[in-house]
Structures are given as structure tokens and as C-alpha cells.
Amino acid sequence: MSLTLSSAHVHTTLCDGKTPAPDMARAAFEKGFVSLGFSSHAPQVFDQRYCMLPENEPRYREQIRALQDEYAGRMPIYMGLERDAYACVSAEDYDFYIASVHYLKWPGGFVAIDGAAEPLGRYVRERCGGDGLELARRYFGLLRDYVTAEKPPIIGHFDLIRINNRRLGLYDENTPVYRGMALDALRPMAETGSLLEVNTGGVARGYLTTPYPDAFLLKEWKNWGGEVIVTSDCHDMRLLDAQYDEAEELLRSLGYDHAVRLGKDTLWERYALK
Ligand SMILES: [Zn+2]
Ligand SMILES: [Zn+2]
């Protein structure tokens with residue numbers, strides 16, 4: 001049984017998830033979760049297949065409020081958002097939000113970092129002169145600027161570009177130049193007080209073999225005094241705590257003795273990893 005017993009990164013059928021919110025809450029409660037945080041993709045004006053439609057935002061709030069009442073005194077439920085850098089709404093009325101970068105802007109519109117490989121490959125060819133590292137530089141630059149400007153509660157899937165690097169072979173993740181670039185983007189985020197998400201979603205869905213972010217980043221994050229939160233980026237209730245044991249083991253192996261989760265009595269609480 002994993003120790004985290006919570007996820008602050010959960011999608012439902014109101015955005016691109018497969019499980020309706022009430023079923024997700026029931027699954028969390030049956031697993032003995034101490035808390036649950038919903039984080040629908042915030043509305044955006046493009047690529048609306050993946051986000052909550054603006055007209056569904058009031059429904060989302062109603063649904064989560066009803067679940068908060070239903071589980072009151074048993075399992076606190078938090079209303080959050082996963083807010084892309086290009087989302088069109090603010091997160092100020094929410095309990096928390098996850099700051100993520102899923103897109104880069106280009107004259108043709110927006111290209112998804114974690115979408116189909118082909119358009120991203122075309123972006124690299126046409127806009128980055130075929131240089132995959134240039135794509136990484138732009139992605140990390142955008143995320144760094146977003147996080148340092150807004151100091152969000154949670155930094156979402158820090159090295160999301162790994163998913164399509166696997167498919168497109170854009171650069172070698174073990175080279176000093178890539179690692180230095182990623183570390184340079186992460187370093188200023190340690191000053192924001194934001195939680196760095198250890199996101200098991202990519203492993204749970206079979207796209208990756210280790211969570212976001214890569215271990216070399218987690219190791220430095222700890223040296224800089226950063227705090228982490230384990231989440232499942234769950235789109236299907238069967239994967240609500242998938243790969244949590246492995247993520248906790250990875251954190252222990254890097255010297256972490258605790259992580260942070262959505263709390264029972266306070267918004268955030270620490271819990272021991274052993
Ligand atoms: Zn995301
Ligand atoms: Zn997500």
C-alpha cells in the first residue's frame with residue numbers, strides 16, 4: 001500500500017478524462033485516500049477537445065461542491081485546475097492550481113508538446129531548424145517564465161517533452177547540454193515555494209518508464225530545499241494511484257524522507273515516505 005493516499009491531479013469527463021467526478025471520488029474513498037483534488041484542464045480558446053469548455057466551468061464547480069458536501073468529514077475534496085500557460089481563465093477562485101505548459105505558439109496556431117508526434121516533429125523541422133534541443137529550450141523557457149511570474153501551488157509535469165522525445169528522438173536526454181538546460185530552468189523555480197509534481201501519469205499509461213521529472217532533476221531539487229507532491233495525472237479511476245509505490249521508492253532512493261499532499265485539515269500537509 002502506497003503512503004501518498006491522495007492525488008491533486010485528476011481529470012474527469014468534464015475535460016479529457018474517462019471517469020465522471022462522482023465515480024472518481026468514490027474510487028478514492030474506497031482506496032482510503034486522505035484527500036482528493038480535482039484539476040480539470042482550464043478553458044482555453046484553442047484545441048478544446050482536451051479542456052473544460054467555458055460553459056462547463058459552472059457545472060464543474062457545482063459538481064465538485066456537491067461532492068465536497070457528500071464526503072464532508074470523511075475525505076476532503078479540493079477544487080483545483082490544471083492551468084496551461086495559454087489558458088483563458090484565472091485560477092483565483094480555486095483551492096489550488098497546477099501550472100503546466102502543453103503548447104507552444106507558432107504562426108500556424110498552437111502545437112501540442114504531449115499530443116501527436118507528427119505536428120511536433122514538423123514544428124521542430126520548420127521552426128527550430130531541425131534542432132530538437134531548440135524545442136526543449138523553448139518549452140523550458142516558457143515553463144520557467146510562467147512559474148517564476150505566477151508562483152503557482154504546483155509545477156505540472158516539469159519535463160513533459162520527454163514523451164515525444166521518445167517517439168521522435170529529438171535529442172539525447174543524458175547529455176550535459178540537455179541536462180544543464182533543464183536544470184537552469186528548474187533552478188529559479190526553487191525560489192518560488194511551488195511544489196514540484198512527481199507525476200506518474202506517463203508511466204501508468206505506458207508512455208514512459210519513470211515519472212516526470214527525471215531523477216537527476218529531483219535530486220537537485222532536493223539539494224535546493226524544494227518540496228515535492230506525488231500525483232497520478234489520473235484520467236481513468238483504475239489508475240488513481242498507479243505507480244505510486246515506485247515513485248515513493250524513487251524519492252526515498254534520492255534521499256527524500258517526506259512529500260506534501262492535499263491535507264486532511266489544512267490545504268497542504270507533509271507525510272513521511274517511510
Ligand atoms: Zn498536463
Ligand atoms: Zn493533467
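Just so you know, ligand 1 is whichever comes first in the structure, and atom 1 is the first atom listed for that ligand.
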Between the side chains of [Y] and [X], is the shortest nitrogen-to-carboxylate-oxygen separation below 4.0 Å, so that they form an ion pair?
X	Y	answer
Glu249	Arg252	yes
Arg59	Glu55	no
Arg26	Asp23	yes

Problem - Arg61 to Tyr94 six-membered ring, cation-pi geometry met (6.0 Å, 45°) - result: yes
Fill in the blank from the handout: Within a strict 2.8 Å cut-off of the Zn ion (ligand 1), protein N/O/S atoms tallied 3
Problem - Residue His235, metal the Zn ion (ligand 2), N/O/S under 2.8 Å - result: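 No - counting backbone and side chain alike, His235 has no N, O or S atom under 2.8 Å.
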Practice task
Would you confirm whether the ring centroid of Tyr103 sits within less than 6.0 angstrom of the ring centroid of Tyr86?
Solution key: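 No, ring centres 6.0 Å or more apart.
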Practice task
Please check if Val147 and Tyr97 belong to a single hydrophobic cluster, counting links between Ile, Leu, Val, Met, Phe, Trp and Tyr side chain heavy atoms closer than 4.5 Å.
Solution key: yes
